[in-house]
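Working notes, structure below.
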Amino acid sequence: MPRSVASSAVSTPYDPQAIEARWQQRWLDDGTYEVDNDDPRPPYYVLSMYPYPSGPAHMGHVRNYTMGDLLVRYRTMRGDGVLSPIGFDSFGLPAENAAIQTGTHPRINTEANIELLSASLRRIGAAYDWRRVVKSHDPDYIRWTQWIFLKFHEAGLVYRGEAPVNWCPGCVTVLANEQVLSDGTCERSGDVVEHRDMEQWFYRITAYAQELLDDLDDLEWPNKVKVMQRNWIGRSEGAEFGLPIADVDGNARTDVEPLAVFTTRPDTSFGMTFAVISPEHPRIDELTTDDRRDDVEAFRASLAGRSEIDRLSTEGALDKRGIDIGGRVVNPFTGRDIPLFAADYVLMTYGTGAIMAVPGQDQRDWDFAEAHGCDIVRTVQPPGDFDGQAYLGDGPAINSEFLDGLHVDDAKAAAIDWLEERGLGERTVNYRLRDWLLSRQRYWGCPIPIVYCDDCGERPVPVEDLPIDLPDDVEFMPTGRSPLTTHQGFLGATCPACGGAARRETDTMDTFVDSSWYFLRFTDPWNEEAPFDTASASRWLAVDQYIGGVEHAILHLMYARFFTKALADLGVAPAGLREPFARLFTQGMIRLGGAKMSKSKGNLIAPEEILDDQGADALRLAHLQVKPPQEDVDWEDFGIDGCAKFLARVWRLAVPGGDLAAGARDGSPTAADTEVDKATHRLVARITDEYDRWSYNTAIAGFMEFTNLVYRWVQADDGPHGPTLDAAVDALLLLMAPAAPHLCAELWEARNGGHLHEQSWPEADPAMLVDDTVTMVVQVNGKVRDRLEVPADLDESGAEAAALTSDKVAALLDGAVPRKVIARPPKLVNLVV
RNA sequence: GCGGACGUGGCGGAACUGGUAGACGCACCGGCUUUAGGAGCCGGCGCCGCAAGGCAUGGGGGUUCGAGUCCCCCCGUCCGCACCA
């Protein structure tokens, strides 16, 4: 048969360095993975999460980008026009902190790091359309980030407000709620976060709370991530109603606003024996009586010095955590006046900042009531064997007049109806989700396009003045204070309304803003009239497969979803685009010595050393083989050498003129040849399925198993038949191409000429997937006793008959007749005696 | 505390819908090949036992002809949230 034998590869040993550099250059030169917006193939969008350029790729990147690249190459061979873009989340604190320490401008460092990371990505063989690169700090990108801000501003989705903010002393900036860990420390620096009241910019993400919750249902995302998002949004249904303020005689005053409370248990209202407000509540002074004023002030002062960790810890005696403020309110259900407390655990930022306390059905209220001598009234009948304190379960209402006898759900509805009929309150929904604080008091971020005029107030910058870029002639102060705040050239602006002098906003945007729309820009990165056009976005979005780490389960993914919905509603993105990422895959992280591999822990393994030694294909294969991709891995478990040996084995099998190619003979196929042909087709079917299911570790096992089989056959069968061997090896190269792209491309070219990655994906012949005979298991009482070769089309009675021919079975039966026979031909027969 | 995931050889892991437990790799052991290398090829490798055979998927029950897989209880590990009214 004709076979082009490239002289360059004859019997040469496997040399990953030479091969890999050559193909990486070739993919760039040929634009193999460039795709235009009018590409005739079906569109498929594969995206790995926007990396922060901190230098060359680390192992986590390699894992992430190997998975993405496998999919890009696989889908391309399947015939799709795959959009595979790459970009850089290039604003952010590390570059600015480095500037403060070394004096090197963040732009210099960042651009150098982008080059390093790009080079690493090319070295692992990751294929991208490099024409579409997007960088957050690029003026072309800043312009559109600012443009979107202004669009949102116009639509009321951006506002400026005084708010208690999380201030990180280490980062010298405020943090979004999401960036503060549950122990009250900064997710970046680990510093204890302080609380300050500041004027800040917010995105009104809460306007989309319900939609963000509802639309999770249809996403093909890991359940874990959806659960985390649902918890974060934290929807709770209940009622909001007013507690009238009591006069000295305990009667409800009508001349002052009642105190609003939110509850999810309106059914327990008759058991409300006291109420609690947040120490930060704006009405606390009004509701504090003069005789209590000094004590309340002292209590509030004691909180001011306490950190958030302390304040939110569950520890601490409840008598110390709350104080009677003297004022009394009326329980509208009972008409009785009850005491009012202030307690640190009531948050001003959730609900109304005030709660009704029902000790009978809430353990914390029970504890508080005991500590402060309040009454406890059960309003839900606990079961007879209940011996706890507060009872949280279902049961008939008691001590609740018109609610008595109703179970919790019905009682809730009846209680709300009662409130609504009297105009005292209403059914409400509360969300834990809060608006997204986007201001950062830092230099290296996207400037907020707002100016402040003494006469006209805050004014958006006209779009024709965009981008507002960062000045380069700045000095970084060791205080960490943003140089923008003292840069006269930047500060000075003209008011777009009156033409007078104005001062520019010096806060920049949270970098999560940049990553909230980059996937849209990739669809149309050359556009100078708009951030992207709707047709391009419509063609590619939603992203068919998004790949990244679980650490972005809440922050980035929630923000990007919000941006997509808002942009669609503003007519910037296609109206029907409700979600950016149809499918999400979260790959596991890499640990070393039991700890997450990270720069800060100093336990990094540099990919370069392995790339220099065993090569990119071996490293990729090791990442794919070591564990299911979604699970965390210990670096100690990686088998780079084993993978490199396997690749060398494939090389020797496939290389023209190699040892195993010798001795090829012609003539009619033997039975052994047919078995190999069938194994080839089974492999095609298997790998296709496993790639589709992200079962990459078993796919690699499949390659090894198949290679072993071919080796044994070649050596046992006195030289292979040429066509069978060629078909087996070519199929192996095609199937392995997405996993080990360089080696396979090289071998393909040497064997067949042409470019492997332009070949189409092989298809298994269904006729080759069926066998004439199969191994049937014979069980006696459910235990395997024998295995028989039987025809594949055996029926039940045939299977039973075959089973009874077994000597081993006959010996066990010892003449007895099976009581029952379960035949599942052709796989299994179970004889029950 | 609430929510989620999980528990299989010395190790990482296979076993898609209940039907041959341990694929594949690592480690280890043996053999071959004049080969000295980070080699290659073949074979062995759950535990107990000379064997026949028995025992095995965190522990205990259950459903079923049959359970790693389904149900209940318990133990343990990891992750997320955590005074949210």
Side-chain angles (χ1 to χ4, degrees), chain A residues 13 181-183 222-228 230-232 234-236 238 261-265 275-276 278 311-316 318 321 343-347 349-358 362-365 367-368 430-434 550-551 553-554 613-614 621-622 625-628 630-634 636-646 648-649 652 659 686 689-690 693 695 697-708 711-712 715-716 775-787 818-824 827-833:
Chain A
L181 302 180
S182 56
D183 65 354
N223 189 47
K224 172 188 178 158
V225 175
K226 292 198 205 182
V227 168
M228 285 166 73
R230 284 193 193 103
N231 290 343
W232 191 263
R235 179 191 155 101
S236 59
V261 293
F262 171 73
T263 180
T264 55
R265 292 296 301 276
V276 189
S278 168
R311 172 109 182 244
L312 287 182
S313 82
T314 331
E315 316 294 314
L318 281 164
R321 302 184 64 195
D344 62 357
Y345 66 80
V346 176
L347 309 174
T349 46
Y350 185 80
T352 62
I355 61 167
M356 68 176 209
V358 186
D362 183 288
Q363 189 59 42
R364 189 191 50 225
D365 290 347
D367 295 339
F368 195 91
N430 243 295
Y431 299 91
R432 206 187 77 117
L433 181 72
R434 288 180 234 163
V550 248
E551 64 270 23
I554 295 173
D613 191 3
Q614 291 101 328
L621 214 63
Q625 185 241 17
V626 64
K627 237 185 173 189
Q630 65 278 9
E631 285 173 36
D632 292 347
V633 216
D634 290 308
E636 290 82 353
D637 294 327
F638 272 68
I640 310 277
D641 285 334
C643 290
K645 281 179 192 174
F646 168 69
R649 198 165 149 90
R652 288 192 302 274
D659 298 346
R686 168 179 174 172
D689 175 55
E690 288 176 334
R693 296 174 20 226
S695 189
N697 55 328
T698 58
I700 305 305
F703 296 139
M704 293 176 168
E705 210 175 328
F706 181 74
T707 303
N708 291 343
Y711 257 78
R712 276 194 297 270
Q715 291 181 338
T775 304
M776 185 176 79
V777 168
V778 183
Q779 297 179 333
V780 177
N781 289 337
K783 294 196 175 184
V784 179
R785 296 300 181 180
D786 203 2
R787 296 179 170 85
R819 195 158 48 84
K820 192 171 176 186
V821 178
I822 290 103
R824 293 283 179 276
K827 299 283 280 185
L828 173 142
V829 171
N830 188 11
L831 306 171
V832 185
V833 292

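The structure displayed is predicted, hence computed values, not measured ones. Sequence lines set the chain letters: A, B, ... in the order given, protein chains first and strands last, and positions in each chain run from 1.
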Query raised in the report: Roughly how far apart, to the nearest Å, are B:A67 and B:A21 at atom C1'?
Result: 11 Å
Query raised in the report: Within the pair A:R824 and B:G18, is there a side-chain N or O less than 4.0 Å away from OP1 or OP2?
Result: no
**Report entry** side chain to side chain donor-acceptor pair (under 3.5 Å) between A:R824 and A:N830, worked out
**Finding:** CA-CA 8 Å; A:R824 293 283 179 276; A:N830 188 11; over 6 Å; no
Query - For RNA chain B, stems built from three or more consecutive Watson-Crick or G-U wobble pairs below 3.5 Å - result: B:1-7 with B:75-81, B:10-12 with B:24-26, B:28-32 with B:40-44, B:46-48 with B:53-55, B:58-62 with B:70-74
Requested in this report: Using ring-ring contact (aromatic ring centres under 6.0 Å, His included) as the criterion, list what pairs up with A:F638, not counting sequence neighbours.
Outcome: A:H623, A:W635
Requested in this report: Could you pull out the closest heavy-atom pair between A:V261 and A:I355, with the gap in Å?
Outcome: CG1-C, 3.7 Å
Query raised in the report: B:A5 phosphate, OP1 or OP2: any side-chain N/O from A:K224 under 4.0 angstrom?
Result: no
Query raised in the report: Say you pick atom P in B:G66 and the same atom in B:G1; how far apart are they, in whole Å?
Result: 38 Å
Query - Spacing of the C1' atoms in B:C65 and B:C29 (rounded, Å) - result: 41 Å
Query raised in the report: Which is it for A:R686 and A:E705 under the side chain to side chain contact (heavy atoms under 4.5 Å, CB included) test, yes or no, and what are the steps along the way?
Result: CA-CA 12 Å; A:R686 168 179 174 172; A:E705 210 175 328; 3.2 Å; yes
Query raised in the report: Rounded to whole angstroms, how far apart are CG on A:L433 and C1' on B:C81?
Result: 15 Å
Report task. Evaluate the criterion side chain to side chain contact (heavy atoms under 4.5 Å, CB included) for residue pair A:D365 and A:M356; output intermediate values, then yes/no. Result -> CA-CA 9 Å; A:D365 290 347; A:M356 68 176 209; over 6 Å; no
Query raised in the report: Is the shortest side-chain N/O distance from A:R230 to OP1 or OP2 of B:G4 below 4.0 Å?
Result: no
Requested in this report: Ignoring the backbone of A:N697, work out which of B:C41, B:C81, B:A14 is nearest its side chain.
Outcome: B:A14
Query raised in the report: Taking only N and O in the side chain of A:S236, is any of them less than 4.0 Å away from OP1 or OP2 of B:A85?
Result: yes
**Report entry** Rounded C1' spacing from B:G22 to B:C75 in Å
**Finding:** 25 Å
Query - Flag if over 12 foreign heavy atoms under 6.0 Å of NZ, A:K226 - result: yes
Report task. Go through B:G3, B:C84, B:G19 for me and flag the one nearest to the A:L828 side chain. Result -> B:G19
Requested in this report: For A:I700 and B:A23, give me the distance from atom CD1 to atom C1', rounded to whole Å.
Outcome: 14 Å
Query raised in the report: Does A:T352 or A:G782 map to a spot on RNA chain B nearer the 5' end, using the closest nucleotide for each?
Result: A:G782
Query raised in the report: Is there a side-chain polar atom (N or O) of A:N708 under 4.0 Å from OP1 or OP2 of B:C24?
Result: no
Requested in this report: Measure distances between side-chain N and O atoms of A:D641 and base N and O atoms of B:G38, and say whether any donor-acceptor pair falls under 3.5 Å.
Outcome: yes
Query - Spacing of A:M704 atom CE relative to B:C41 atom P, expressed in whole Å - result: 13 Å
**Report entry** A:V778, A:L828, A:V777 screened by side chain to side chain contact (heavy atoms under 4.5 Å, CB included) with A:V784, the one that passes
**Finding:** A:V777
Query raised in the report: Between B:C78 atom P and A:D634 atom CG, what is the distance in whole Å?
Result: 13 Å
Report task. Please state the C1' separation for the pair B:U63 and B:C70 - nearest whole angstrom. Result -> 8 Å
Report task. Kindly indicate whether the side chain of A:I822, heavy atoms from C-beta on, has any atom under 4.5 Å from the side chain of A:Q779. Result -> no
Query raised in the report: Touch check for A:R235, heavy atoms < 4.0 angstrom, all strands: base, sugar-phosphate only, or nothing?
Result: nothing
Report summary line: Out of B:G40, B:G43, B:A23, minimum distance to the side chain of A:A701 belongs to B:A23
Report task. Identify which nucleotide among B:C65, B:A85, B:A15 has an atom closest to any side-chain atom of A:L347, counting heavy atoms from C-beta outward. Result -> B:A85
Requested in this report: Give the rounded distance in Å between these two atoms: CZ of A:R432 and P of B:C2.
Outcome: 18 Å
Query raised in the report: Where does B:G38 land, syn or anti, once you apply the within-90°-of-0 test for syn?
Result: anti
Query raised in the report: Any idea which of B:C84, B:C65, B:A21 is nearest the A:V784 side chain?
Result: B:A21
Query raised in the report: What nucleic acid atoms does A:Q779 come within less than 4.0 Å of, heavy atoms only: base, sugar-phosphate, or nothing?
Result: base
Query raised in the report: OP1, OP2 of B:G80 versus side-chain N and O of A:K226: anything below 4.0 Å?
Result: no
Query raised in the report: Looking at B:G12, B:G40, B:G43, which one has an atom nearest to any side-chain atom of A:V626?
Result: B:G12
Report summary line: Which of B:C41, B:A23, B:G4 is nearest the side chain of A:E705? It is B:A23
Report summary line: Heavy atoms of A:A343 and A:F368 approach each other most closely as CB-CE1, 4.1 Å
Query - Length of the line joining A:D367:CG and B:G1:P, which is rounded to integer Å - result: 15 Å
Query raised in the report: Between A:R364 and B:G1, is there a side-chain N or O to OP1/OP2 distance below 4.0 Å?
Result: no
Query raised in the report: How would you label the contact of A:R712 with the nucleic acid (heavy atoms, under 4.0 Å): base, sugar-phosphate, or nothing?
Result: sugar-phosphate
Query raised in the report: Do the side chain of A:N830 and the base of B:C65 come within less than 3.5 angstrom through a donor-acceptor pair of N or O atoms?
Result: yes
Requested in this report: Classify the side chain of A:D613 versus the base of B:G38 as yes if they form a donor-acceptor pair under 3.5 Å and no if they do not.
Outcome: yes
**Report entry** Side chain of A:T264 - closest among B:G19, B:C42, B:A85
**Finding:** B:A85
Query raised in the report: Taking atom P in both B:U34 and B:G53, what distance in whole Å separates the two?
Result: 42 Å
Query raised in the report: How long is the line joining CG of A:L621 and C1' of B:G25, in whole Å?
Result: 11 Å
Query raised in the report: Which of these nucleotides, B:C42, B:G12, B:A15, is closest to any side-chain atom of A:R693?
Result: B:A15
Query raised in the report: Which one, B:G80, B:A85, B:G19, comes nearest to the side chain of A:M228?
Result: B:G80
Report task. Would you mind classifying the nucleic acid contact of A:V777 as base, sugar-phosphate or nothing, using non-hydrogen atoms under 4.0 angstrom? Result -> base
Query raised in the report: Considering only heavy atoms from C-beta outward, does the side chain of A:T707 approach that of A:R649 to under 4.5 Å?
Result: yes
Report summary line: Atom OH of A:Y711 and atom P of B:C42 are separated, to the nearest Å, by 8 Å
Report task. Using the C1' atom as the reference point in each nucleotide, state the distance between B:G68 and B:U20 in Å, no decimals. Result -> 14 Å
Query raised in the report: Roughly how far apart, to the nearest Å, are B:U8 and B:U69 at atom P?
Result: 13 Å
Report summary line: A:E631 meets the side chain to side chain donor-acceptor pair (under 3.5 Å) criterion, sequence neighbours left out, with none
